[in-house]
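I have placed the structure first, in the form of structure tokens, so that the comments after it can refer back to it.
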Amino acid sequence: MILKNFIEYYEIFVAVFSSTYILFYMLLAGLSYYAIKKHINAKYFIHDDVLLKSNYIPGVSVVAPAFNEGANVVYNVKSLLSLNYPKYEVVLVNDGSSDDTLEKLIKEFELVKIDFYYQEKIPTKTVRGHYKSTNPVYSKLLVVDKENGKSKADASNAGINSSKYPLFLCTDVDCILKNDTIIKLAKPFIESKKRVIATGAGIRISNSCEVKEGFLVKIRFPKGWYPRFQELEYVRAFLFGRMAWSQLNSLLLVSGGLGMFDKEIAVKAGGYWHKSLGEDMELITRMRKYMYENKLDFSVKYIPESLCWTEVPGNREILIRQRVRWARGLIQTLNLHKDIFFNPKYGRTGFLIFPYFFAFEFLVPILEVIGLIVLIISFFYLNINYESFFYLTIAVYLFYLNLTIISILLDEILYKHYSSVKEILILILTAIIEPIFYHPINVYASLKGYYHFFRQKEQAWGNMQRQGFNTQNNN
């Protein structure tokens, strides 16, 4: 009797939770559409060429941590040095690599160790030295060599400490940035009436793309199934979710692969937390807290354009490793800043964003597994209304599928990244089978990440076994 009552109450809870989830996403979809339309209409409020010629344009430091990236570090640095912006530097941080990353940089860019006034505004592992090129062609490059800090956060902090400009763009060394990335991300800092503390933009998958010496020659559709599934995730997350949160000035996550920040606020907030496994989300959280606590008006902006291409996990093992870290980073941030929840001091961050991430990001994998267990028990011991269960499942599935297909088509209408109708149809087919073949892997990885968090198992910033640009177009 107790079991039956529990299952009945759980079914009611799931029905209410699912309905709320769907309604919330419908609201986000509407807000995203409005925000994208608004962005397109205001795209040329101040033309990029005018800004590039201005004497008042803010300087930007591109911070790129590197750990055992010898396979493609030279090509990537060349790509970063070719960005179209008049006032910027590239600060590459060698985070104690055990391979030939530093040696390749020294040889290729004619680097020599220099005397450098290093002010440690944010504590990091020991910085061993700074390198500049003797070749004036590479005058924008600064290489920072430091002891391994076991996290991307520690390496990024060393780069921030070494940077000279008021804005910094944090990226991954394997990322390929579009030529006009800096001006696109810097534009909100220049145009907005509020103080913009961070901006982000869309990220796409470089697996299977044609890349030559660090430059994206041709965008190609991912050949592997795992990259295709992640293509769907990126389109949904960046085009819909983050545009909606940006419209509400409630964006909590600016991707670690591509994010521009106000250095003054980032430093005052304490920089990246070196123990964080979700350093991008955690930094934005602390920057928002700092602005609220000092009663300063601010905004976090998102650009609905693809400005960055990155290599994603090409197999299940590396994917799970990445998603375990993401899950740990999520619960770690929510736990570390639990004082934000429903705290009037933190406005919509406390009453909207944190409750959303707790309910619809953290809890969902747990509820799915509990639901599966309840279904199995009901099948053997109780008579359940399978017809109602079937219709509820179909409703959720169709809603997900419609949202994904709309994301794909909207992305294609706006940016035309796919070369043929066939590729779009393949992506839609991928969306149809995603809940069956790919979603369970993410649920497993999330639960594993939660387990590691509560067991306090150590996880460092490890090597994602990148293939490098010479071979990645095979996947």
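Source: prediction; values computed, not measured.
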**Request:** For D280, check salt bridge (charged side-chain N to carboxylate O under 4.0 Å, His left out) against everything at least two apart and list the hits.
**Result:** none
**Request:** Could you give me the CA-CA distance, side-chain angles and deciding distance for I160 and V91, then say whether side chain to side chain contact (heavy atoms under 4.5 Å, CB included) is met?
**Result:** CA-CA 8 Å; I160 296 169; V91 182; over 6 Å; no
**Prompt:** Do the side chain of T124 and the main chain of A158 share a donor and acceptor less than 3.5 angstrom apart?
**Reply:** no
**Item:** By side chain to side chain donor-acceptor pair (under 3.5 Å) - contacts of S61 (at least two apart)
**Value:** E89
**Request:** Quick one: closest heavy-atom pair of P166 and G59, and the distance?
**Result:** CD-O, 3.5 Å
**Prompt:** For N68 and S98, does a side-chain donor sit closer than 3.5 Å to a side-chain acceptor?
**Reply:** yes
**Message:** By the definition side-chain contact (heavy atoms from CB on, under 4.5 Å), identify the one residue from L248, V254, N249 that meets it with L251.
**Reply:** V254
**Message:** If the condition is side chain to side chain donor-acceptor pair (under 3.5 Å), which residues does R288 pass it with, not counting sequence neighbours?
**Reply:** T349
**Message:** Assess the residue pair L319 and V312 against the criterion (side chain to side chain contact (heavy atoms under 4.5 Å, CB included)); give the C-alpha distance rounded to whole Å, side-chain angles, the decisive distance to 0.1 Å, and a yes or no.
**Reply:** CA-CA 8 Å; L319 175 70; V312 300; over 6 Å; no
**Item:** Nearest heavy-atom neighbours spanning V196 and P188
**Value:** CG2-O, 3.4 Å
**Request:** Ignoring hydrogens and angles, tell me if any N or O in the side chain of K152 forms a donor-acceptor pair with the backbone of G256 under 3.5 Å.
**Result:** yes
**Message:** Going by side chain to side chain contact (heavy atoms under 4.5 Å, CB included), name the residues that satisfy it together with I106, two or more places apart in sequence or in a different chain.
**Reply:** L102, L111, Y131
**Request:** Report the residues that fulfil side chain to side chain contact (heavy atoms under 4.5 Å, CB included) with L296, sequence neighbours left out, ordered by chain and then residue number.
**Result:** Y290, M291, N294
Give the table of side-chain donor-acceptor pairs shorter than 3.5 Å for residues 267-274, with sequence neighbours excluded, one pair per line with atom names and distance.
from	atom 1	to	atom 2	distance (Å)
K268	NZ	E264	OE2	2.9

**Prompt:** Is it true that D339 and K289 make a salt bridge, defined as a side-chain N closer than 4.0 Å to a carboxylate O?
**Reply:** yes
**Item:** Heavy-atom neighbours of K87 NZ exceed 12 at 6.0 Å
**Value:** yes
**Asked** Judged by atom type as modelled, is there a donor-acceptor pair below 3.5 Å linking the side chain of Y88 to the main-chain atoms of L81?
**Response** yes
**Message:** Tell me every residue that passes salt bridge (charged side-chain N to carboxylate O under 4.0 Å, His left out) with K78, counting only those two or more places apart in sequence or in another chain.
**Reply:** E108
**Message:** Can a donor-acceptor pair be found, under 3.5 Å and without considering hydrogens, that links the side chain of K338 to the backbone of N335?
**Reply:** yes
**side chain to side chain donor-acceptor pair (under 3.5 Å) involving K146 - partner list, sequence neighbours excluded** = D95, D154
**Asked** Looking just at side-chain N and O atoms, do E233 and N442 make a donor-acceptor pair shorter than 3.5 Å?
**Response** yes
**Prompt:** Does a side chain donor of either S163 or K263 reach within less than 3.5 Å of an acceptor in the other side chain?
**Reply:** yes
**Request:** Ignoring hydrogens and angles, tell me if any N or O in the side chain of E305 forms a donor-acceptor pair with the backbone of A201 under 3.5 Å.
**Result:** no
**Asked** What residue pairs, at least two apart or across chains, pass ring-ring contact (aromatic ring centres under 6.0 Å, His included) with a residue in residues 148-194?
**Response** F168-F261
**Item:** Check: N179 main-chain N/O paired with N84 side-chain donor or acceptor under 3.5 Å
**Value:** no
**Nearest heavy-atom neighbours spanning E231 and L427** = CG-CD1, 4.0 Å
**Request:** Verify whether one side chain among Y400 and E434 offers a donor that lies under 3.5 Å from an acceptor in the other.
**Result:** yes
**Message:** Which residues pass the side chain to side chain donor-acceptor pair (under 3.5 Å) test with E279, not counting sequence neighbours?
**Reply:** none
**Request:** Could I get the full list of salt bridge (charged side-chain N to carboxylate O under 4.0 Å, His left out) partners for D100, not counting sequence neighbours?
**Result:** K104
**Message:** Tell me the closest heavy-atom pair linking S97 and A66, and the distance in Å.
**Reply:** OG-O, 3.5 Å
**Message:** I'd like to know if the side chain of E423 reaches the main chain of P222, judged simply by a donor and an acceptor atom lying under 3.5 Å from each other, with no hydrogens or angles considered.
**Reply:** no
**Asked** In terms of ring plane angle, is the pair W225 and F229 parallel, tilted or perpendicular, where the classes change at 30° and 60°?
**Response** tilted
**Item:** Any donor-acceptor pair under 3.5 Å from S162 side chain to G159 backbone
**Value:** no
**Asked** Charged N to carboxylate O below 4.0 Å: is that the case for R204 and D411?
**Response** yes
Show me the donor-acceptor pairs within less than 3.5 Å that the side chains of residues 133-145 make with the rest of the protein, sequence neighbours left out.
from	atom 1	to	atom 2	distance (Å)
S133	OG	F109	O	2.6
S133	OG	N135	N	2.9
S133	OG	N135	O	3.3
T134	OG1	E110	O	3.3
N135	OD1	V137	N	3.0
N135	ND2	E110	OE2	3.2
S139	OG	P136	O	3.3
D145	OD1	N94	ND2	2.8
D145	OD1	R128	NH2	3.2
D145	OD2	R128	NE	3.2

**Message:** Would you say R323 and S446 are linked by a side-chain donor-acceptor pair, where the criterion is simply a distance under 3.5 Å?
**Reply:** no
**Nearest heavy atoms of L167 and D262, plus distance in Å** = CD2-CA, 4.0 Å
**Item:** Contact summary for A327 and G449, nearest pair of heavy atoms
**Value:** CB-CA, 4.1 Å
**Message:** Is the terminal nitrogen or CZ of R242 (NZ for Lys, CZ for Arg) located under 6.0 angstrom from the six-membered ring centre of W245 and within 45° of that ring's axis?
**Reply:** no
**Request:** Taking atom NZ of K448 as the centre, report whether more than 12 heavy atoms of other residues, nucleotides or ligands fall under 6.0 Å from it.
**Result:** no
**Prompt:** Which class fits the ring pair F362 and Y450: parallel under 30°, tilted 30 to 60°, perpendicular over 60°?
**Reply:** tilted
**Message:** Checking side-chain polar atoms at under 3.5 Å, does Y302 have a donor or acceptor matched by the opposite partner on Q247?
**Reply:** no
